[in-house]
Amino acid sequence: GIGMVAITRLSESRGQTPTGTAERIASLMRALSLPTEWAGPVGELRPYLGRDKKNLGSTLTVVVLEGLGKGILIPADASYFDPMLGQKTV
């Protein structure tokens, strides 16, 4: 849940996902008692970005929601996540 909410917030800030989608997902996650935020230093997450099962070599595949239930895959590199990694929490 943490990653899903964080990526959706990031894609919202980039104009790729409708505003409010991340909060809707977070609300559903909280209703299921699932975590929605990372409490540690955000920079500690960088080593894990390349370990996702959707990644091939140095190309990261990011799932971006064009709406709830409508995801698209976009190729990216680690710099896609830089705005998120500069935050205090995700």
- Message: For a quick test of reading the model, state the closest non-hydrogen atom pair linking Gly67 to Pro18 and the distance between them.
- Response: N-CD, 4.2 Å
- Query: Residues two or more places apart in sequence or in another chain: which of them pass side chain to side chain contact (heavy atoms under 4.5 Å, CB included) with Gln16?
  - Reply: Ser11, Arg14, Val64, Ile74, Tyr80
- Is the closest side-chain heavy-atom distance between Ile7 and Val62 below 4.5 Å? yes
- Query: Any sub-3.5 Å donor-acceptor pair from Glu66's side-chain atoms to Ile72's backbone N or O?
  - Reply: no
- Glu12 and Gly20: which non-hydrogen atoms are nearest, and at how many Å? OE2-N, 3.3 Å
- Note on the structure: Applying salt bridge (charged side-chain N to carboxylate O under 4.0 Å, His left out) to Arg30 and not counting sequence neighbours gives Glu23
- Under 4.5 Å side-chain linkage, directly or through intermediates, the cluster mates of Met4: Val5, Ile25, Met29, Leu32, Leu34, Leu65, Leu68
